[in-house]
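These values consider heavy atoms only, across backbone and side chains, with no hydrogens, waters or symmetry-generated copies.
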Amino acid sequence: MELLLHPVYLPNLEHFSVMVQTDKIVFEAFDNFLKQTYRNRTYIYGANGKLQLNIPVRHSQKDRKFYRDVEIAYDTDWQLIHKRSIESAYSTSPFFEFYLDEILPMYSKPEKYLYDFNLRTIEIFFDAMRVSFDYSKSTDYEIKPQDKADMRNLADAKRKDEQQFENYSQVFNDKHGFINNLSILDLLCNLGPNTADYLKRQSLI
């Protein structure tokens, strides 16, 4: 069965575990952009614990837009901020240097639309994991899809039923312990070539 998802920024393990365990992904293309979601935020493991990275967008509640039409704001150099945050968090991780040339260039090319940027970064991580990435985009908005498994709720950053994942070694484990369900970036930098296998053996929510 097809899986219906929102493309989000550097998806967390919930997103990636369902994506690598399905044959066909359909990304929602006709929803309105909402705040408090993973569409433009992600979490990594910094030296002081859980660290949020947020992409600024040109959007207000008075100007409701389709997610695919929301533009990224470049009033601040958020790309440099995110790049430096990632380097600071993972430069000592086991596999950061191995994936360095695949991960960091995603911040060198300005992308106009958030939707397109998120799709491009997801493609980068699938390629880094050496996993095929087959997807399409929805053709209209369905409140209750009839022929797809609806996982669009995974984009809600305020969900309370977050899946608990199998522990793995993280850079700052000794300071803050295991932090659950971070960005795929955390898993890839710590597990490297074993990332896809880890995701495939996680139970789906």
Does Glu97 have more than 12 heavy atoms from other residues, nucleotides or ligands lying within 6.0 Å of its CD? no

Looking at side-chain heavy atoms only, is the closest gap between Asp69 and Phe33 below 4.5 Å? no

Check: Tyr115 ring centroid to Phe27 ring centroid under 6.0 Å: no

Same cluster or not: are Tyr74 and Leu104 linked, directly or through other Ile, Leu, Val, Met, Phe, Trp or Tyr residues, by side-chain heavy atoms under 4.5 angstrom apart? yes

Quick one: does His15's side chain have a donor or acceptor within less than 3.5 Å of a partner on Pro7's backbone? no

Are Ile143 and Val26 linked, directly or through other ILVMFWY residues, by side chains that come within less than 4.5 angstrom of each other? no

Taking atom types as modelled, is there a side-chain donor on Asn181 or Gln163 under 3.5 Å from an acceptor on the other? no

Minimum heavy-atom separation for Ser91 and Phe96, please, with both atom names. CA-CD2, 3.7 Å

Under 3.5 Å, is there a donor-acceptor pair between the Glu28 and Ser138 side chains? yes

With a 4.5 Å heavy-atom cut-off, do Val8 and Thr37 have their side chains touching? no

Find out if a path of hydrophobic residues (ILVMFWY) with successive side-chain heavy-atom gaps under 4.5 Å connects Ile81 to Leu10. no

Is there a donor-acceptor contact under 3.5 Å linking the side chains of Asn118 and Tyr67? yes

Do Thr22 side-chain atoms and Met19 backbone N/O form a donor-acceptor pair below 3.5 Å? no

Is any side-chain N of the basic residue among Arg39 and Asp31 closer than 4.0 Å to the acidic one's carboxylate O? yes

In short, Leu13 meets Ser183 closest at the heavy-atom pair CD2-O, 4.3 Å

Does Arg58 pair with Asp75 as a salt bridge, N-O distance under 4.0 Å? yes

To the nearest 0.5 Å, what is the distance between CZ (Phe98) and OG (Ser93)? 12.5 Å

Does Gln79 reach the side chain of Met106, with side-chain heavy atoms less than 4.5 Å apart? no

Has the side chain of Asp150 got a donor or acceptor atom that lies under 3.5 Å from a matching backbone atom of Pro145? no

Side chains of Tyr45 and Asn190 only: does a donor on one sit below 3.5 Å from an acceptor on the other? no

I need the Leu34 CG to His6 NE2 distance, nearest 0.5 Å. 7.5 Å

The reported gap from CD1 in Ile184 to CG in Asn12 (rounded to nearest 0.5 angstrom) is 9.0 Å

Answer yes when Arg130 and Glu102 have at least one side-chain N-carboxylate O distance shorter than 4.0 Å, and no when they do not. yes

Quick one, Leu51 with Tyr43, criterion side-chain contact (heavy atoms from CB on, under 4.5 Å). Give me CA distance, side-chain angles, the key distance, then yes/no. CA-CA 5 Å; Leu51 176 64; Tyr43 292 94; over 6 Å; no

Do the rings of Tyr99 and Phe95 sit parallel, tilted or perpendicular, given the 30° and 60° boundaries? tilted

Ignoring hydrogens, what is the shortest heavy-atom contact between Phe178 and Glu166? Give both atom names and the distance. CZ-O, 3.9 Å

Closer than 4.0 angstrom, basic N to acidic O: yes or no for Glu14 and Arg159? yes

Kindly compute the distance separating OG (Ser17) from OH (Tyr198), expressed to the nearest 0.5 Å. 9.0 Å

Within-4.5 Å side-chain heavy-atom neighbours: Phe117 and Ile55: yes

Within the structure provided, determine whether Leu188 and Ile103 are in side-chain contact (heavy-atom separation under 4.5 Å). yes

Between Gln21 and Gln202, is there a donor-acceptor pair closer than 3.5 Å when you use the side chain of the first and the backbone of the second? yes

Do the non-hydrogen side-chain atoms of Ile86 and Lys83 ever get within less than 4.5 Å of each other? no

Could you pull out the closest heavy-atom pair between Gln170 and Gly177, with the gap in Å? OE1-O, 3.9 Å

Before you tell me yes or no, could you show the steps for Asn180 and Glu162 under side-chain contact (heavy atoms from CB on, under 4.5 Å), namely the whole-Å CA-CA distance, both residues' side-chain angles and the distance that decides it to 0.1 Å? CA-CA 9 Å; Asn180 186 57; Glu162 182 179 87; 3.2 Å; yes

Backbone of Ile44 reached by a side-chain donor or acceptor of Asp186 within 3.5 Å: no

Ring pair (Phe, Tyr, Trp, His ring centres under 6.0 Å) with Phe133: of Phe16, Phe126, Phe125, only one passes, and it is Phe126

I'd like to check Val57 versus Glu71 (side-chain heavy atoms, cut-off strictly below 4.5 Å). Are they in contact? no

Does any N or O in the side chain of Ser88 come within less than 3.5 Å of the main-chain N or O of Arg84, such that one atom is a donor and the other an acceptor? no

What about the rings of Tyr9 and Tyr38, do their centers lie closer together than 6.0 Å? no

If we ignore hydrogens and angles and just use 3.5 Å, is the side chain of Glu2 paired with the main-chain N or O of Lys24 as donor and acceptor? no

Leu187 side chain near Tyr168 side chain, heavy-atom distance below 4.5 Å: yes

Between Lys175 and Ala47, what is the shortest heavy-atom contact and its length? CD-O, 3.9 Å

Under the side-chain contact (heavy atoms from CB on, under 4.5 Å) criterion, do Thr42 and Gln52 qualify, and how do the steps go? CA-CA 6 Å; Thr42 193; Gln52 178 179 311; over 6 Å; no

Nearest 0.5 Å, what's the CG-OH distance between Leu80 and Tyr107? 11.5 Å

Is Leu4 reachable from Leu119 through a run of hydrophobic residues whose side-chain heavy atoms are each under 4.5 Å from the next? no

Would you say Asp174 has more than 12 foreign heavy atoms packed within less than 6.0 Å of its CG? yes

Taking atom types as modelled, find out whether Gln36 and Asp156 have a side-chain donor-acceptor pair closer than 3.5 angstrom. no

Check the hydrophobic clustering (I, L, V, M, F, W, Y; side-chain heavy atoms under 4.5 Å; chains of links allowed) and say if Tyr113 and Ile72 are grouped together. no

Could you give the distance from CZ (Arg120) to CD1 (Ile124), rounded to the nearest 0.5 Å? 5.5 Å

Do you know which two heavy atoms are closest between Gly46 and Ala89, and how far apart they sit? CA-CB, 4.2 Å

Would Arg68 pass as a cation-pi partner of Phe30, given that its NZ or CZ must be under 6.0 Å from the six-membered ring centre and within 45 degrees of the axis? yes

